[in-house]
Amino acid sequence: MAQQSDLTPLLSRGLQSPDRPSPTRLRPKMANRLSSSAPDPERPHVEKHMGQYDSIMRDVIIGFSDGLTVPFALTAGLSSLGNTKIVIMGGLAELCSGMISMGLGAYLAADTERQHWDAEFARECSEVDNMPELERAEIYDILADYGVSHAAAEPLVRELTASKDRWVRFMMDFELRLPEPDVGRAWISAATMGLSYFVGGLIPMLPYFFMDSAQRALLASVVITVVILLVFGFLKNWVAIRTRKAGFWGAAQTLIVGALAAGTSYAIVRLLDNGGSS
């Protein structure tokens, strides 16, 4: 692999287009905002981004939210039969099968993503080898979208195309917008989503393990699940967006979805049970 040279001077020179307004030419309010946000040498700047944890957080949200709503809806529906043993057996069967299904689906999705990246990487390598001029023209087009003129982009393009590895990685990142997936992502995604589903689905079932009356257990399950749905809905939006408004909207949204799922399941089982007994 060729040593990557320092492209910072070239990038900064290219991005300083004559058509791009400088902070002193901006509106006073914007200029003051820019000057007030200048880095303090005594206080190092630390950016807060999700980074590599965003995919894990996404798997947790999908698995836990599905685990809360689907098993809860099933156990709520089965509770209309009035037998906690049936609720526990049906809930555990769904919980185990759902955990395996969610984990397998997450694994296949991550593995397919990796295979797709490998195929696109091989195709891009072939295009760099067989159509270098066309690929160079595409770099100019990409930089033009960022306001970099052809003249300013020339030295940058020479630096990029001097190394095939750097050239191909640039095309993957900026032309195809395909970051390289982690090799172990498939197993991590499968375990994260499967366990999140199991934990989320086990919570609404807990009252049925300790109460003999299915109706009392249902009420306790409803209260517990409503609290968990509200807290989880708030946290998942707040972690991603960092505003209370988004958190409250996420709490309400998650609660509505869970309530609709549980109410529909309960009504269907109730109707089927009444139809069979009539």
Side-chain angles (χ1 to χ4, degrees), residues 1-8 10-11 14-15 47-67 70 97-150 152-198 200 236 239-241:
M1 181 184 302
Q3 188 84 14
Q4 182 171 357
S5 59
D6 187 6
L7 302 181
T8 305
L10 297 172
L11 283 171
L15 291 175
E47 294 188 3
K48 297 180 180 180
H49 299 291
M50 294 295 292
Q52 59 181 339
Y53 301 106
D54 57 351
S55 56
I56 296 177
M57 182 61 64
R58 180 192 62 203
D59 291 338
V60 170
I61 290 174
I62 294 175
F64 194 81
S65 59
D66 277 8
V70 177
S97 62
M99 178 183 66
I100 295 172
S101 176
M102 293 289 288
L104 181 60
Y107 175 84
L108 293 176
D111 187 59
T112 302
E113 180 184 1
R114 177 69 197 190
Q115 293 180 27
H116 172 64
W117 189 91
D118 289 338
E120 291 296 330
F121 183 82
R123 184 183 64 80
E124 200 63 46
C125 287
S126 175
E127 290 180 352
V128 167
D129 289 334
N130 300 319
M131 298 179 292
E133 292 305 320
L134 181 60
E135 292 296 297
R136 283 191 182 89
E138 289 179 350
I139 298 179
Y140 284 109
D141 292 338
I142 293 171
L143 296 176
D145 291 337
Y146 292 89
V148 182
S149 66
H150 191 280
E154 259 188 272
L156 177 58
V157 173
R158 282 199 303 269
E159 288 285 342
L160 285 171
T161 56
S163 165
K164 179 182 176 180
D165 176 70
R166 189 164 59 234
W167 189 351
V168 172
R169 284 192 293 112
F170 179 87
M171 302 305 289
M172 294 293 293
D173 291 340
F174 289 93
E175 181 195 18
L176 302 180
R177 302 185 185 275
L178 289 176
E180 183 176 4
D182 187 2
V183 176
R185 174 79 187 107
W187 290 107
I188 295 174
S189 181
T192 302
M193 193 174 292
L195 288 175
S196 298
Y197 184 90
F198 185 84
K236 75 178 179 67
V239 168
I241 306 175

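Contact between Asp173 and Pro179 at its shortest, heavy atoms only, is OD1-CA, 4.3 Å. Nearest heavy atom pair, residue Ser189 against residue Ala110, reads CB-CB, 4.4 Å.
Side-chain atoms of Met171 and Ile139, non-hydrogen and from C-beta on, do get closer than 4.5 Å to each other. Within the 4.5 Å cutoff, the side chain of Val157 has no heavy atoms near those of the His150 side chain. Proximity of Arg185 to Asp59: side-chain heavy atoms (C-beta onward) are separated by under 4.5 Å at one or more points. Contact of the Trp167 side chain with the Leu160 side chain is not registered, since no non-hydrogen atoms from C-beta on lie closer than 4.5 Å. Counting heavy atoms from C-beta on, the side chains of Ile62 and Met102 come closer than 4.5 Å.
With rounding to the nearest 0.5 angstrom, the CZ atom of Arg136 is 11.0 Å from the CZ atom of Arg158. Rounding to the nearest 0.5 Å places CD1 of Ile61 at 10.5 Å from CE of Met193. Once rounded to the nearest 0.5 Å, the distance linking CG of Leu156 with OG1 of Thr161 reads 9.0 Å. Atom CD in Glu120 sits 11.5 Å away from atom SG in Cys125 (nearest 0.5 Å).
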Report task. Might you work through the salt bridge (charged side-chain N to carboxylate O under 4.0 Å, His left out) test for Asp129 and Lys164, ending with a clear yes or no? Result -> CA-CA 9 Å; Asp129 289 334; Lys164 179 182 176 180; 2.8 Å; yes

Report task. List the steps, then state whether side-chain contact (heavy atoms from CB on, under 4.5 Å) holds for Glu135 with Glu124. Result -> CA-CA 9 Å; Glu135 292 296 297; Glu124 200 63 46; 2.5 Å; yes

Report task. Start with the C-alpha distance between Phe64 and Tyr197, add both sets of side-chain angles, then the distance that settles side-chain contact (heavy atoms from CB on, under 4.5 Å), and finish with yes or no. Result -> CA-CA 5 Å; Phe64 194 81; Tyr197 184 90; over 6 Å; no

Report task. For the pair Tyr140 and Glu154, evaluate side-chain contact (heavy atoms from CB on, under 4.5 Å) and give the outcome as yes or no after the intermediate values. Result -> CA-CA 8 Å; Tyr140 284 109; Glu154 259 188 272; 3.2 Å; yes

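Ser101 places no side-chain N or O within donor-acceptor distance of the main-chain N or O of Ser97, the cut-off being under 3.5 Å. The backbone N or O of Ile188 lies less than 3.5 Å from a partner atom in the side chain of Thr192, making a donor-acceptor pair. Arg114 places a side-chain N or O within donor-acceptor distance of the main-chain N or O of Pro181, the cut-off being under 3.5 Å. Listed for the Asn130 side chain is a donor-acceptor partner under 3.5 Å among the backbone atoms of Ser126. With hydrogens and angles disregarded, a donor-acceptor distance shorter than 3.5 Å links the side chain of Trp117 to the backbone of Leu178.
Note: Phe174 and Tyr146 have perpendicular aromatic rings, judged against thresholds of 30 and 60 degrees for the angle between ring planes.
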